[in-house]
Chemist: 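What follows is a single structure, and I will ask about it in a moment.
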Protein chains: 2
Amino acid sequence: MHAVLIIDDDNELTQLLDQYLSSQGYHITVANDGEEGLRLATSQRHFDVILLDVMMPKLDGFEVLKQLRRTHLTPVLMLTARGDDYDRILGLELGADDYLPKPFNHRELSARIKAICRRLADIPQARRQQAITVGDLAVNPARQTVTIRGEEVSMTATEYALLHLLMVNHGAVLSKEEISMQVLGRPLQAFDRSIDMHLSNVRKKLDANGSEQVIKTLRGSGYMLVDPAS
Amino acid sequence: MHAVLIIDDDNELTQLLDQYLSSQGYHITVANDGEEGLRLATSQRHFDVILLDVMMPKLDGFEVLKQLRRTHLTPVLMLTARGDDYDRILGLELGADDYLPKPFNHRELSARIKAICRRLADIPQARRQQAITVGDLAVNPARQTVTIRGEEVSMTATEYALLHLLMVNHGAVLSKEEISMQVLGRPLQAFDRSIDMHLSNVRKKLDANGSEQVIKTLRGSGYMLVDPAS
DNA sequence: CGCACCTTTACGCAACCTTTACACTGGCCT
DNA sequence: AGGCCAGTGTAAAGGTTGCGTAAAGGTGCG
């Protein structure tokens, strides 16, 4: 029972796919444009595979893929109307897992999804996440820890998620609202100080292990992790 | 007198095969779907050869093979309806020993099984399975036991499977869901504490035999076997 | 029936997250 | 300049929940 996200602006096609893949035992979610798709793909919800159309209004498939790959390694199967190699190569370079030119038949699609899921089952969840290094810091997704100059610092799940998010977006400001959504999976409410607390705890742990103060506060707008190198 | 396990959802076929191969002097066990097959194949019972159909409900042949290969090197002969190379290559990559496209005639099947058994006779029993060592611990797949600094500790099948899984993935976090799927062959359900219990028992046994506490709990995420050397 | 094993139940603990409370900070207004 | 106050830092208390494990219950097997 795998969860599949379909991102395509062609309503007729998505309905057909929804119907067919549901009948094959997949749990389907549909997004009708790139923005919505990206939001869903990066939300707390889990998808095993994403079917991503290239040609879309607002955000095209490549753009979605590029942004998605900043934070997620969810397998992506690209769909494109044009059969030329250029699209294909670009897609694969950006980290797509497979490629299917339209029109395609349903069984072929089903086979490729299955193949992706099969490959997926080989890799433990924890290894499916991005490893990132910023300055002295490195996240270690396989073991949910952060290392400072090679030394391991233990973090709770939430602290890890918070620091990971900051590192992925290092150099950019993240509002508390965004952080709350990404880390806690819920909108920030009035008088909610949880994020502040987790952040304080992260800073304390980093400090205790000899890291510089890399998490900067931007009063009124949010937080940012600065890369001392850049 | 070799033991053969047939995993195929086609009842008619399995009956025919059972009859035919029994007449050839093999001892036959039949599983009608992938789940049952995997359970049997990884149980305490010994099989010399496994005939594995690719197309099956629940767990397809590739999946069965992949999961089987985590712990066992039992020879596998893949059966598939489609004659295309893709399946064949995938199967062999995953560690199948031979490949037979349907439809096949009985004599051909018999010949291949014989060939596998012949090859088998060359390899000492104990060599046929993967051995893993992590720190003080070593698994002994041939006897389904674990040794701590050479000293043997008896384990039940489930405990062995659990520890083996942790050792194969040492250094990475495994969620309870993954562990349940791999070790018990079923999805984790609400209030299911089986994994906790087996884990507790494994820890107890390791502890009683003087091993360090190598199984780490990551609250909310899962468990990890840490290699003290790394 | 007895045995070995797996699963479920039950309870206590500790880790974790959130809330509360209070001190502090920096910008803005007068 | 000084006062005000929303925004922030963090210690400590409170509440929740996942986890560890003993013990009971269930199941399959010889």
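Given the structure is predicted, the values throughout are model-derived calculations rather than measurements. All chains are named by letter (A, B, ...) in the order of the sequence lines, taking the proteins before the strands, and each is independently numbered beginning at 1.
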Chemist: Under the side chain to side chain donor-acceptor pair (under 3.5 Å) test, which residues partner B:Asn32, sequence neighbours left out?
Modeler: B:Asn11
Chemist: Closer than 3.5 angstrom, by distance alone: can the side chain of A:Arg69 be matched with the main-chain N or O of A:Ala96 as a donor-acceptor pair?
Modeler: no
Chemist: Within a strict 4.5 Å, meaning less than it, do heavy atoms of the A:Pro75 and A:Asp48 side chains meet?
Modeler: no
Chemist: Taking DNA chain D as the partner, which of residues 182-193 of chain A come within under 4.0 angstrom of it by heavy atom?
Modeler: A:Arg193
Chemist: Quick one: pull up CG in B:Leu17 and CZ in B:Phe104 and give me the separation to the nearest 0.5 Å.
Modeler: 5.0 Å
Chemist: Once side chain to side chain donor-acceptor pair (under 3.5 Å) is applied, do any residues pair with A:Glu152, and if so which ones, sequence neighbours excluded?
Modeler: A:Arg143
Chemist: Quick check on contacts: within residues 196-210 of chain B, what sits under 4.0 Å from DNA chain D by heavy-atom distance?
Modeler: B:Asp196, B:Met197, B:Ser200, B:Arg203, B:Lys204
Chemist: A:Leu77 pairs by side chain to side chain contact (heavy atoms under 4.5 Å, CB included) with which of A:Leu52, A:Val4, A:Ile113?
Modeler: A:Ile113
Chemist: Decide if atom CD of B:Gln213 counts as having more than 12 heavy atoms of other residues, nucleotides or ligands within a radius under 6.0 Å.
Modeler: yes
Chemist: Not counting sequence neighbours, which residues clear ring pair (Phe, Tyr, Trp, His ring centres under 6.0 Å) with B:Tyr20? List them please.
Modeler: B:His106
Chemist: Is the shortest heavy-atom distance from the side chain of A:Leu137 to the side chain of A:Thr147 under 4.5 Å?
Modeler: no
Chemist: Which residues satisfy the side chain to side chain donor-acceptor pair (under 3.5 Å) test with A:Arg39, sequence neighbours excluded?
Modeler: none
Chemist: Dump the pairs, protein N or O against N or O of nucleotides 12-15 of chain C, anything under 3.5 Å, distances to one decimal.
Modeler:
unit_1	atom_1	unit_2	atom_2	d
C:dA15	N3	B:Arg219	NH2	3.3

Chemist: Write down the distance between CE (B:Met155) and P (C:dA4), rounded to a whole number of angstrom.
Modeler: 17 Å
Chemist: Find the distance A:Leu162:CG to C:dC17:P and express it as a whole number of Å.
Modeler: 11 Å
Chemist: Hey, where on DNA chain D does chain B first and last touch, going 5' to 3'? Cut-off is any atom under 4.0 Å from a heavy atom.
Modeler: D:dT17 to D:dA23
Chemist: I'd like to check the side chain to side chain donor-acceptor pair (under 3.5 Å) partners of A:Arg219; sequence neighbours left out, ordered by chain and number.
Modeler: none
Chemist: Taking B:Asp33 for its side chain and B:Glu36 for its backbone only, find out whether a donor-acceptor pair lies under 3.5 Å.
Modeler: yes
Chemist: Between A:Asp18 and A:Ser22, is there a side-chain donor-acceptor contact under 3.5 Å, judged purely by atom types and distance?
Modeler: yes
Chemist: So for the helix from C:dC1-D:dG30 to C:dT30-D:dA1, with five pairs setting each end axis, what is the inter-axis angle to 10°?
Modeler: 30°
Chemist: Please name all residues satisfying ring pair (Phe, Tyr, Trp, His ring centres under 6.0 Å) with A:His164, sequence neighbours left out, ordered by chain then number.
Modeler: A:Tyr160
Chemist: Write out all pairs satisfying salt bridge (charged side-chain N to carboxylate O under 4.0 Å, His left out) with one or both partners inside residues 192-210 of chain A, taking only residues at least two apart or from two chains.
Modeler: A:Glu159-A:Lys205, A:Lys176-A:Asp196, A:Arg186-A:Asp192, A:Arg193-A:Asp196
